[in-house]
> 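I'd like to ask some things about the structure below.
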Amino acid sequence: MNALAGRLKEAAARYESEIFEHYRHLHSHPELSGQEVETSRYIEKQLTSWGIQLQHLDMDSGVAGVLKGSKEGPCVGLRADMDALPVLEESDCPFPSQRPGVMHACGHDLHMACLLGAAHILADLREEIAGSVKFIFQPAEEMYNGSAMMIEHGVLEHPKVDAIFGLHSYPDLPVGRVAVRQGPMMAAVNNFIIRIRGRGGHGGLPHLAKDPIVCAAAVITALQTIVSRLTDAQDALVVSVCSIRGGEEMRANIIPEEVTMAGTVRAFDQALCRQVEEHIRFLAESTAHAYGCRAEVQYQYDLMPTINSDQLYPIALEAVQSLELQISNPKPSTGGEDFSFFTEKVPCFFYWLGTGNRQAGCSYPWHSSKFRVDPAALPLGAQVYAASALQYLNQWAKTE
Ligand code: NI
């Protein structure tokens, strides 16, 4: 362990109970996407108490704080998301949500507590920092629009942010392990709606109707061939139809006019997403035609994939190695992350922080009502954030 990593570890141990207090407070006071107002005030209060300047963004929720080092250098961003989910908490956390039906079921409370820990640790080291660190607390990740909103409100300017590191809790990795991956981490998210119009009629006289239900069944079956027959087996792809609606509930003898269905597409490659859009349109429209119906397809590109920057990979690896944490390289996730909006603008790197502990009941998946992180991960996350920032700034200072 190098001297700097040793000091980070020591500082994280010194602030461990403070970081835990942030986590306890944030976990028991969750706020939904776009409504993280009290959470924002809480964070602002902490940052300013350590002499970190707030950047005025003119947003209801979301906070950016800038720590200026004593020497010139680039600006590195550290990002945590802030929102909770509309889930009724059923975890055995000793300090559960005080807002019934709202729960930090994705670990964003942990991300914020870790980033607050890193902010305090780095504020103490300001004399040694060449450049600046921007602490980005981002609202509305679950709605996939918080990072884009922050970018619109200028979070990447004043000072201009040169790189961003982010992390996410990961219940499948035990505490003490960190996923440091090259390339894709999280998938692109595309969503689609297919509306099939036929001609309604009597269930006993189907030959007089154009049955959109039979047509919809054929469309769903046809869509399965996108993954199994139209895409290279080496390319990861998911196409799921997740809802279907047609006819009056429990009416056995009326053929409806129309069936609608909605689904999602996940991939790690935008070009593949565009191909899938074409396949869905072609299969839905031509199948509908064959059944005497008409299909209308709406296709939306909601999120880009989150791809880790090749340039930041060695820096991230070095940062985590210096802390003597165990490095993992799990498969990328077909979940989505709106961190990807940042990756479009500046080099970015995203970690998964092990928060799992099977014995302690901390292994439920993201968004489960029983989701829980092992708080032992808190000081480790703070160190990963702080070490990434310092590693980036030091690297830059060396090459200047
Ligand atoms: Ni999340």
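Atoms within a ligand are numbered from 1 in the order they appear, just like the ligands themselves. Values below: every heavy atom of this structure, side chains too, minus hydrogens, waters and symmetry copies.
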> Spell out the protein N/O/S atoms under 2.8 Å from the Ni ion (ligand 1) as residue plus atom name.
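Only C106 SG, H108 NE2, H168 NE2 fall inside 2.8 Å of the Ni ion (ligand 1).
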> Once you measure the plane-to-plane angle for H27 and H104, does it fall in the parallel (<30°), tilted (30-60°) or perpendicular (>60°) bin?
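Ring orientation of H27 relative to H104: tilted.
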> Walk me through whether H168 and W352 qualify under ring-ring contact (aromatic ring centres under 6.0 Å, His included).
CA-CA 5 Å; H168 203 289; W352 287 323; 8.4 Å; no
> By salt bridge (Lys or Arg N to Asp or Glu O under 4.0 Å), which residues pair with R199, not counting sequence neighbours?
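R199 satisfies salt bridge (Lys or Arg N to Asp or Glu O under 4.0 Å) with no other residue.
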> Distance from D109 atom CG to E31 atom CD, nearest 0.5 Å?
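So the CG of D109 and the CD of E31 are separated by 12.5 Å.
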> Please name all residues satisfying ring-ring contact (aromatic ring centres under 6.0 Å, His included) with Y313, sequence neighbours left out, ordered by chain then number.
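Partners of Y313 by the ring-ring contact (aromatic ring centres under 6.0 Å, His included) criterion come out as none, since no residue qualifies.
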> Among residues two or more places apart or on two chains, list those pairs meeting salt bridge (Lys or Arg N to Asp or Glu O under 4.0 Å) that have a residue in residues 40-57.
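Pairs touching residues 40-57 that pass the test: R41-E44.
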